[in-house]
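Shown below is the structure under consideration.
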Amino acid sequence: MLDIAHNVPKNHFEDWQLELAAKLLKDFDSEEHNLLDVLHFFQGTFGYIDKELIPLLAKFFNLSRAEVHGVISFYHDFRDEKPAAYVLKICQAESCQAMGSNKLTTELKAALNIDFHETSTATDITLEPVYCLGNCSCSPNLMINSQMFSRVTSESLTQILQGLTEEQHD
Amino acid sequence: MSLDKDIDFGTPESKNQVLVSLEIDGHQVIVPKGTSIMRAAKQLGTSIPKLCATDNLEAFGSCRLCLVEIEGRRGMPASCTTPVEADMVVHTQTDKLAKLRKGVMELYISDHPLDCLTCSANGDCELQDTAGEVGLREVRYGGYQGENHLAATTDNSNPYFSFDASKCIVCSRCVRACDEVQGTFALTISKRGFESHVSAGIEESFLASECVSCGACVQACPTATLMEKSVIEQGIPEHSIETTCAYCGVGCTFNVEMKGEQVIRMVPSKKGKANDGHACVKGRFAWGYASHKERILKPMLRSSIDDPWQEVSWDEAIQFTAKRFQEIQQQYGRKAIGGITSSRATNEEVFVVQKLVRTAFKNNNVDTCARVCHSPTGFGLNKTLGTSAGTQDFASVESADVILLIGANPTDAHPVFASRMKKRLREGAQIIVADPRRIDMVESPHIKAVAHLALRPGTNVALINAFAHTIVEEDLVDWDYVNQRCDKELFEHWLAFIKQANNAPESVATLLGVDAETLRQSARLYAEAERAAIYYGLGVTEHSQGSTMVMGMANLAMLTGNLGFNGCGVNPLRGQNNVQGSCDMGSFPHELPGYRSVSDDLTRQSFEQDWGLSLDNEPGYRIPNMFNEAISGTFRGMYIQGEDVAQSDPDIHHVEAALRSLDCLVVQDLFLNETAKYAHVFLPGTSFLEKNGTFTNAERRLGRVRPAIKPRTGKHEWQITMDIAQAMGYPMHYEHSSEIMQEIARLTPTFAGISFDKLDREGSVQWPCNDEAPNGTPIMHVGGFVRGKGAFEITEFVATEEKVTPKFPLLLTTGRILSQYNVGAQTRRTENNVWHPEDILEIHPHDADERGIKDGDLIMLKSRKGETSLHALISERMQPGVVYTTFHMPFSGANIVTTEYSDWATNCPEYKVTAVQCKLTDHISEWQQHFLDYQEKQNTTNKVIPA
Ligand code: SF4
Ligand code: SF4
Ligand code: SF4
Ligand code: FES
Ligand code: FES
């Protein structure tokens, strides 16, 4: 009897992606300390670290599945799901906080109906916290993919979100 | 009787020779350098509160409960991670510390369900104890309101233990136990901070993960998070009895923890020198068969094997047996009856069976199931070194630099030893694996063999000769050692043989399927290592050249000076718990206890004097002879102690025919096994939980088996044998099994110093144990060989008769898996079946492709001997041309397919090489159909008629 759900996410990966990953791996040295480099590289290549990659990585580095999973889940940098079309990072560091990013974050979470590190499928937005975007003089800041939005207010936030939805429906 | 708990010193023992003196709470203590303050304190009897530390794991320093104050140092360091220093002055209890600890404890408890009274660990929980120790009385954080983990779910997927995440304090002891002790790395701490939690695999269930269910994490867990289901269901045990595992040849020491007469759990004991507090899924969890409903508890008779069984009294069963045996002897002569001893029985039980045969039966027709596994070990090591046993203790592997593993799969067959070996490999030792399959020791998390010599089955001897040839040719011989310790003449003779060009790696590379340079490199690595050890298993012995190979390995070890020291040796990994013991006890047609020939007058006389009658000086029948003579009608009665020859022996058709021709077959076992289908008398045996005696493991270690409960059958097995002897007119009498051990010690020089008293005192002892070695002998041949000078034996490679042909183009080799044990009589009757419900056929993708075979297809496996159907598993572990299966399930009939070929010296069957063909099929084989029909029929005839 199984009480716990197998929450290994469904296989998003297709066979060709796995084959590609296996091929790309060959260029790396299988010393354990290279694991982080490879993870960054795969995240760059595929946008996230699919669960299907874990057994492959485990075998390559002579580690267990659990160990590789442990490393991936320890770092917030690594995503274990396909990212949404938009990654919205809202700054949580001191200067932005002082300028009301807490309130904005609450509003944002409510508007998208998600928490940090989650994806709203309706809008295809993933929400992430970030700690200083290096633009403190124009706080509060948020960034969507690589575009910066500064001096954000509740009103401009609504507009930004609206813009994103419209863009999608175009 | 009380519950015997190992003391937890918090951190591992330091092996450092230098001693350090310090003061803890005003008391002086002297400990080895490298000891933690925590351990030093415990040595004084002072417990420092702790949660993340336990003494079989490296200190981790995460819980911050074990803080202490050290005079002259700032801050409060963790005592588990701080080593002692000379003249340190430590305080473990101050007001400041008490406050801090209380604060830390409060944080833990605030996120913990406060249902201690109804918790399965109530009374056996370190969190509870520690909360008490730090004097926690109130929790300010109101855990139930704040963010907490109380709703986390429970994973019940493992049949033996559950994981209740709501009780987890994330101390990571389980993760570290899986890594450091077991070496499987199945667990991790996933995420970080408040979100951190234990994850099996990639957030999988325990059952689906890499977990092998050894139970180390359950034992390490300080809370009820990981807990045996038997404890959850039946409560905390109140007393315990120390005993020895009855499964494999590792011989782990356990505490049987009980509640009244009920066994609650088996916990491996840190006092056990063979296992050091570790266990595997079989010994730790698979003991439920002892109370399985199919167990037979009353003696039974029937006059023909087609009749139903009739329950009778012990007296009637014994009189019937004695009378039948005597009638057979009157009609067909003294030699028409015999017996087989069991490697699962205790030394005492085996000893009396061979004594029964030699006294009451008046012949030497006694053999043992070791015939079908390690008889070549006894023969080969005796011939070359002078003792029929492995040369080291298990701990020796901790000093090996290079390990040569041949034909053994320890992670499945000897799991606890495998964990020890893996630990050594993680410390940097190197391993060469010679095995047709890519077993876990070749490649698994943190283990990588320097070479995998994937040789063709049946070519071991050519391999070992190529090693020796290389070492001689490249002058890597340890000349001093050979000159001083080995027989010169034999060596010269051997040297001329091994130098022959046909032994060169280049000559045998094609035959082996391993390239010459790899062979040479491996030979060099072995020869040049400071300490090189050979470990081997049935992949060596179960061949037509099994004995030759054993001698070849002994030659190699002598050649390189790798015998007589720690970290070296030639080490058989013996299969059954007491296979070493059953051989030691004289279960051979040609040898009396202690491997002494029946034709040696002096030895015989000593037994004759003690036993009060004269003994036959001619060897009796081996098992294969018994079967042949049975078929030809001259051998007609057999007493089989706990062995299922009708499943385990090769060429089953032949075995069945033999058993069918007997006038009287007496089977003594726990269950109506396959052999019992042909029996006339069934004598119910006892499980290890009921036995009182000794087992001898693969390192010659005698451990006590102590009765946790009374014999459920009303009789100890030695009493049954004794009663038969008496009924046949031989006055055998013992009041207690310890008297049998006294007799063994009296008559066998290597056991002279052994007694139950000594074992109870010492825990366990490795033979030889006598006046010269009163505390036993961990390592043999120190300073010189038992036989005098080491004997190099010629080991000419002779290919087996069993060859692939166009009709049978594949080679079948057989083996074992972790969760099942041998013929499975016990493990099949436990929940271990979740891991292995049936035997399957492993086949290389290439061979599968050629035959259109896909994963899960039903395959007909056919040899010239017979055929059977199995489901296929396509596996890259196999090499092309070789298929593999296990023989745990009677219905698989793996031994329908194996052949009559056997080792030239000892008749050990050639299980490891059979030429076969595989093809897709849609039906089971005729034999299997017959098996089912017969089973059906027996279910009717087996209907036991109560007394
Ligand atoms: S039972 Fe053994 S293998 Fe399984 S997770 Fe626990 S320690 Fe690891
Ligand atoms: S399961 Fe037990 S041992 Fe593992 S982290 Fe939780 S409390 Fe510690
Ligand atoms: S089966 Fe072997 S390894 Fe497992 S617990 Fe028993 S003796 Fe130890
Ligand atoms: S604090 Fe937000 S950008 Fe620097
Ligand atoms: S026991 Fe020392 S920090 Fe946990």
Side-chain angles (χ1 to χ4, degrees), chain A residues 1-13 18 21-22 25 29-36 39 42 48-81 92 115-118 127-129 131, chain B residues 147 152-159 162-166 170 172 174-176 178-179 182-193 195-212 217 229 422 425-426 438 440-449 831 834 876:
Chain A
M1 188 187 56
L2 230 66
D3 277 356
I4 196 172
H6 279 236
N7 48 0
V8 183
K10 292 235 162 39
N11 174 12
H12 311 285
F13 246 40
L18 266 184
L25 251 187
D29 191 346
S30 65
E31 291 292 314
E32 198 181 322
H33 59 79
N34 284 331
L35 175 60
L36 278 181
L39 287 172
F42 276 180
Y48 72 112
I49 310 287
D50 194 279
K51 291 275 192 278
E52 293 274 310
L53 285 172
I54 294 181
L56 192 76
L57 289 164
K59 195 159 167 26
F60 184 76
F61 287 106
N62 214 20
L63 299 168
S64 68
R65 301 201 292 268
E67 287 175 289
V68 177
H69 171 64
V71 171
I72 296 171
S73 68
F74 183 79
Y75 296 99
H76 287 312
D77 295 5
F78 298 125
R79 320 184 38 82
D80 59 4
E81 270 173 85
Q92 307 289 303
D115 207 340
F116 279 142
H117 314 303
E118 289 181 357
L127 188 60
E128 297 286 357
Y131 298 88
Chain B
E147 245 190 315
T153 48
T154 299
D155 174 359
N156 271 318
S157 63
N158 183 293
S162 72
F163 173 77
D164 176 355
S166 71
V170 203
S172 93
C174 54
V175 178
R176 289 176 288 135
C178 194
D179 298 356
Q182 165 59 24
T184 293
F185 298 82
L187 305 177
T188 188
I189 301 292
S190 175
K191 306 226 167 150
R192 57 161 97 173
E195 287 182 307
S196 63
H197 62 273
V198 173
S199 159
I202 317 167
E203 312 287 343
E204 294 159 83
S205 71
F206 271 74
L207 188 64
S209 75
E210 291 142 310
C211 166
V212 294
C217 55
K229 288 184 179 173
K422 284 191 188 179
L425 295 175
R426 291 196 302 273
R438 205 179 64 224
D440 284 353
M441 278 298 180
V442 175
E443 200 184 341
S444 51
H446 301 277
I447 301 295
K448 199 158 223 161
E831 302 204 59
V834 303
E876 301 239 0

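Chain naming here is simple, since letters A, B, ... match the order of the sequence lines and numbering starts at 1 in each. All figures in this text were calculated on a predicted structure; none of them were measured in a lab.
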Completion exercise
Rounding to 0.5 Å, atoms CD (A/E67) and CG (B/L187) come to a distance of 10.5 Å
Handout entry: Minimum heavy-atom distance between B/E210 and A/A66, given as atom pair plus value
Key = OE1-N, 3.5 Å
Problem - Per-residue contact mode, B/T184 against chain A (heavy atom under 4.5 angstrom) - result: backbone
Handout entry: Atom NZ of B/K191 with >12 non-hydrogen neighbours under 6.0 angstrom
Key = no
Exercise for the section: Tell me, for B/S162 versus chain A, whether the close heavy atoms (under 4.5 Å) come from the side chain, the backbone, both or neither. Expected result: neither
Exercise for the section: May I ask you to test the B/H446-A/L63 pair for a side-chain heavy-atom distance under 4.5 Å? Expected result: yes
Practice task
Say whether, by atom type as modelled, one donor and one acceptor occur between the side chain of A/R65 and the main chain of B/G201 under 3.5 angstrom.
Solution key: no
Exercise for the section: Kindly compute the distance separating NZ (A/K59) from CD (B/E443), expressed to the nearest 0.5 Å. Expected result: 4.0 Å
Fill in the blank from the handout: The interface call for A/Y75 against chain B, heavy-atom contacts under 4.5 Å, is both
